[in-house]
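No hydrogens, no waters, no symmetry mates; every other heavy atom, side chains included, goes into these values. Small disclaimer: the values here were computed from a predicted structure and weren't measured.
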Amino acid sequence: MILKGTIEDVIYRNTDNGYTVVLIDCSGELITAVGKFSSANEGEIVEIKGNFVKNAKFGEQFAAESVKVLPPNTLEGIERYLSSGLIKGIGPVTARNIVDAFGENTLDVIEFNPIELKKIKGISESKAVQIAEAFKEIKKMQNAVMFLQGHGITTNMAVKIYKQYQDQTENILQTNPYRLVEDIDGIGFLTADKIAQKLGISPYSEFRFRAGVLHLLKENAEKNGNTYLPADEMERGISKLLQVKLEEHISLIEEVLKRLLLDNAIKVFDLDSQKIIMQTKFHLIEREIAERLLILNQNSKTTPLDLTTEINEYEKKYKVKLHSMQREAVETAINNGVSVITGGPGTGKTTIVKCLINSFKMQGQQILLLAPTGRASKRLNESTDFEASTIHRALGIDFQNNSTSNNFFIFNEHNKLPADVVIVDEVSMVDASLMFYLLKAIKKTATLVLVGDKNQLPSVGAGNVLADILKSKTVKSIELTKIYRQDAKSLIITNAHAINNGYMPELDNTSSDFFFENKSDPNEMLRTVVDLTVSRIPNYLNIDSLKIQVLAAIRAGASGVTNLNKELQSFLNPASAKKPEIITDYTTYRVGDKVMQTTNNYNQEWVKVTHNYTEQGKGVFNGDIGFIEAIDRDTKELIIQFEDGRRANYARSDLYDLMLAYATTIHKSQGSEFDVVIIPVLPGAPTMMTRNLLYTAVTRAKKMVVLVGTKFNIKRMIDNTYTKTRYSMLSHYLLEAQKNLNFLYGA
């Protein structure tokens, strides 16, 4: 059966997979239709093919098997189509004025004679051209999206593919759909494989095996942090992924590896009598990190400086007395080109950083203080009283070349950072790619000090930078073990060290800052977490609920991140006619919501106003937290103010880079510090519920920690020392580079 009608209302839409529920006006009769729509906007005319079905909960619906979007053919339909927010720059008033002026010819005018739009108040010639280009782009994109959806690709991903291939979309996919694996971030092998099967491409095609190899390397980097894979793991992975017998196709796999090697897509090495396969980009990144670190170290001072004056000056200024280990850490950092200072909470890392800043300033050195995230840099600034920045921001996004140039940042190997000393805090969070870009921008004569906690979770991105540097022992490192910062009634630091050392924390609720709520039922845990966040702790500490951060290990379940956010939002920022909101997928965003950026977006523009000074820039990054300041009901755009004062405009399509942040995963909290942390301790897979995960969560708190769960599950996490093997080559390259330097300099 074929129905044709106008979309009157979009009841629900999941723009990730295109699943939509709409009310369609079919000749005066309202019909509920469900299915995958390439687009769904009020006023659009659609032709849908399918059948009526009975839904036990919602009654009779029309289940769409295919959907074709047609141009609106009535004045009302055209006006609703234009005012739906689909075309940027046209709101309800402008849409009405355009339709009043051009009537049934409106869409033809926009597409073929857009200069006529200048007749409309508020539309300049340039804006008219922009509207026409946007309209044409939408038409082309809709056709491509419909083609891609026909091959099982989600709407959101279809748009991404179209942006990559434009008019060549259909031709490229019909020739070699496996190109998607190499060209499009977020497209995995399975998606490309489904398309290939529909198009009749052989399951033993070299294209398929090539895509499989690249997919395994890419997926292991993104999900597991690996920069290489052992060849035997790769082969087993290919066999499982392609569902082929390894022994029957080993020669084809070897041939594909040879071709990838010739194309410089991979590198193949023998490491400790084991063959390994590595993406070329990670080979270059880790090797260059090693070489640049050791060159920095090689260029360090040959004669150790006597720092008695500087340290005495610091002790006098801040009325402290450095421990012998702290003095050693300061002397090590100042007298070496590269050094690492590690230690848990309360062991004096901040004291040392402050002393280093004081000492380097006395020597007339220009200092750059860095951290991986906005929250970490803000905390570093507050604790040291010295200006700190994120690494990304210090390097500066290259606005003109960030899509094609190797010089992704303004400061790079050709334009060095103007700093004599670079101090990086929370270095355990720094992945291989970011360290690579930072080192390229540091002067060869500069001093680099890396500060962090080696027991924290490794970086989200690929690589194992801090652990590999320590493992190689090629640069000086100091581990701080003595605890200095600890109040008499405080247990946060004591319990954090207990957890890290494999002991149960004190859970008797007699301290001023560490509490335990014994709950076993997930729903009861949920109610407790909400109650603690909404009323109990705010009343006890006299603080805003938004300064309390819930940290969970998993996303799913009653006390998982997703449901916690939904529940906390309903209490802390309930729906109101005065608060505009946007519904997308299963999330509602409204003015006042606490949100987090979940990806690095180097092109996101922002503005920051400080003391009548306006700063403009680009780049928002994974982990940045802010609040929705405004939502435009017409354009569906929203404004987010981040914690450092940056304001960014987000289009509706950008919302998939956001999440509600009343609760976050523990991984996402790395490098951050919150006044209060609430941790629901749930039963879960041993690979997830580990000691260092709990340790990381506890060490995020500044004033209070509350564990909600059972002692059994807490002990289970503490006893679980599982650490997933992370394959990386940096320690190997460091040792290799050290040998080369020793040979060159006769050491």
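When all heavy atoms of Ile184 and Lys218 are compared, the pair lying nearest together is O-NZ, 3.4 Å. Closest heavy-atom contact between Ala648 and Glu605: CB-O, 3.5 Å. Thr175 approaches Ile201 most closely through the heavy-atom pair O-CD1, 4.3 Å. When all heavy atoms are compared, the tightest approach of Met1 to Asn51 is N-OD1, 4.2 Å. Nearest heavy-atom pair across Lys519 and Val708 is CG-CG1, 4.0 Å. The two residues Ala221 and Gln279 come nearest to each other via the heavy atoms CB-NE2, 4.1 Å.
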Residue pair Leu180, Leu173: steps toward the side-chain contact (heavy atoms from CB on, under 4.5 Å) verdict: CA-CA 8 Å; Leu180 293 170; Leu173 263 68; 4.0 Å; yes
Going through the distances and angles, do Gln197 and Asp193 end up as a side chain to side chain donor-acceptor pair (under 3.5 Å)? CA-CA 6 Å; Gln197 288 172 20; Asp193 204 35; 3.2 Å; yes
Using the side chain to side chain donor-acceptor pair (under 3.5 Å) rule, take Asn563 and Ser559 through it: C-alpha gap first, then chi angles, then the decisive distance, then the call. CA-CA 6 Å; Asn563 195 51; Ser559 293; over 6 Å; no
Would you check, one step at a time, whether the test side-chain contact (heavy atoms from CB on, under 4.5 Å) holds for Val561 with Met659? CA-CA 10 Å; Val561 169; Met659 63 171 281; 3.8 Å; yes
Test side-chain contact (heavy atoms from CB on, under 4.5 Å) on Leu655 and Thr587 and set out the steps. CA-CA 10 Å; Leu655 296 185; Thr587 304; over 6 Å; no
Kindly indicate, with the supporting measurements, whether the criterion side-chain contact (heavy atoms from CB on, under 4.5 Å) is fulfilled by Ile238 and Val213. CA-CA 7 Å; Ile238 286 290; Val213 170; 3.7 Å; yes
Go through the steps to decide whether Asn601 and Lys618 satisfy the test side chain to side chain donor-acceptor pair (under 3.5 Å), and finish with yes or no. CA-CA 8 Å; Asn601 184 344; Lys618 283 188 178 182; over 6 Å; no
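Within 6.0 Å of atom CZ in Phe571, 12 or fewer heavy atoms from other residues, nucleotides or ligands are found, so the atom counts as exposed in its surroundings. Heavy-atom contacts from other residues, nucleotides or ligands closer than 6.0 Å to NZ of Lys579 number more than 12. Heavy atoms of other residues, nucleotides or ligands lying less than 6.0 angstrom from CZ of Phe135 number more than 12. Around the NZ atom of Lys566, the shell of radius 6.0 Å holds no more than 12 heavy atoms that belong to other residues, nucleotides or ligands. Around atom CD of Glu248, more than 12 heavy atoms belonging to other residues, nucleotides or ligands sit under 6.0 Å away. Atom CD of Glu76 has 12 or fewer heavy atoms from other residues, nucleotides or ligands within 6.0 Å. Within 6.0 Å of NE2 on His249 lie more than 12 heavy atoms contributed by other residues, nucleotides or ligands. Heavy atoms from other residues, nucleotides or ligands lying under 6.0 Å from CD of Glu524 number more than 12.
Gln569 places a side-chain N or O within donor-acceptor distance of the main-chain N or O of Thr588, the cut-off being under 3.5 Å. Between the Ser239 side chain and the Arg236 main chain, no donor and acceptor come within less than 3.5 Å of each other. For Thr598 (side chain) and Asp657 (main-chain N/O), a donor-acceptor pair under 3.5 Å exists by modelled atom type. The main-chain N or O of Gly5 is never found under 3.5 Å from a side-chain atom of Asp25 such that the two would form a donor-acceptor pair. For Arg210 (side chain) and Val256 (main-chain N/O), no donor-acceptor pair under 3.5 Å exists by modelled atom type. With Gln597 contributing its side chain and Ile625 its backbone, the two residues share no donor-acceptor pair below 3.5 Å. Side-chain N or O atoms of Lys119 include none that pairs as donor or acceptor with a backbone N or O of Ala101 at under 3.5 Å. A donor-acceptor pair is defined here as one N or O able to donate and one able to accept, closer than 3.5 Å; such a pair exists between the side chain of Asn176 and the backbone of Tyr178. In terms of modelled atom types and a separation under 3.5 Å, the side chain of Asn573 and the main chain of Val591 share a donor-acceptor contact. Between the side chain of Asp593 and the main chain of Val595, no donor-acceptor pair closer than 3.5 Å is present.
By the 4.5 Å heavy-atom criterion applied to side chains, Arg208 and Ser202 are not counted as neighbours. Considering only heavy atoms from C-beta on, Asn622 stays 4.5 Å or farther from Thr599 through its side chain. For the pair Ile548/Tyr662, no side-chain contact is recorded, criterion being any heavy-atom separation below 4.5 Å from C-beta on. By the 4.5 Å heavy-atom criterion applied to side chains, Ile123 and Ile98 are counted as neighbours. At least one side-chain heavy atom of Thr664 sits under 4.5 Å from a side-chain heavy atom of Leu551. Under the 4.5 Å side-chain criterion, counting only non-hydrogen atoms from C-beta, Val53 is not in contact with Phe62. Asp167 is listed as a side-chain neighbour of Tyr162, based on a closest heavy-atom distance under 4.5 Å. With contacts defined as side-chain heavy-atom distances shorter than 4.5 Å, the pair Leu526/Val529 does not qualify.
Arg646 CZ to Gln641 CD: the interatomic distance, rounded to the nearest 0.5 Å, is 10.5 Å. A distance of 8.0 Å separates CG in Leu568 from CD1 in Ile678, rounded to the nearest 0.5 Å. A distance of 7.0 Å separates CG in Leu658 from CD1 in Ile628, rounded to the nearest 0.5 Å. Here Gln604 contributes atom CD and Tyr650 contributes atom OH; the two are 4.5 Å apart, rounded to the nearest 0.5 Å. The distance from the CD1 atom of Ile31 to the CD1 atom of Ile48 is 7.5 Å, given to the nearest 0.5 Å. Taking NZ of Lys198 as the start and CD1 of Ile195 as the end, the distance is 8.5 Å to the nearest 0.5 Å.
In summary, the side chains of Lys121 and Asn97 do not present any donor paired with an acceptor at a separation below 3.5 Å, with no hydrogens or angles considered.
Here Phe621 pairs with His392, Tyr602 under the ring pair (Phe, Tyr, Trp, His ring centres under 6.0 Å) rule; sequence neighbours left out. Under the side chain to side chain donor-acceptor pair (under 3.5 Å) criterion, Glu581 pairs with Arg590, not counting sequence neighbours.
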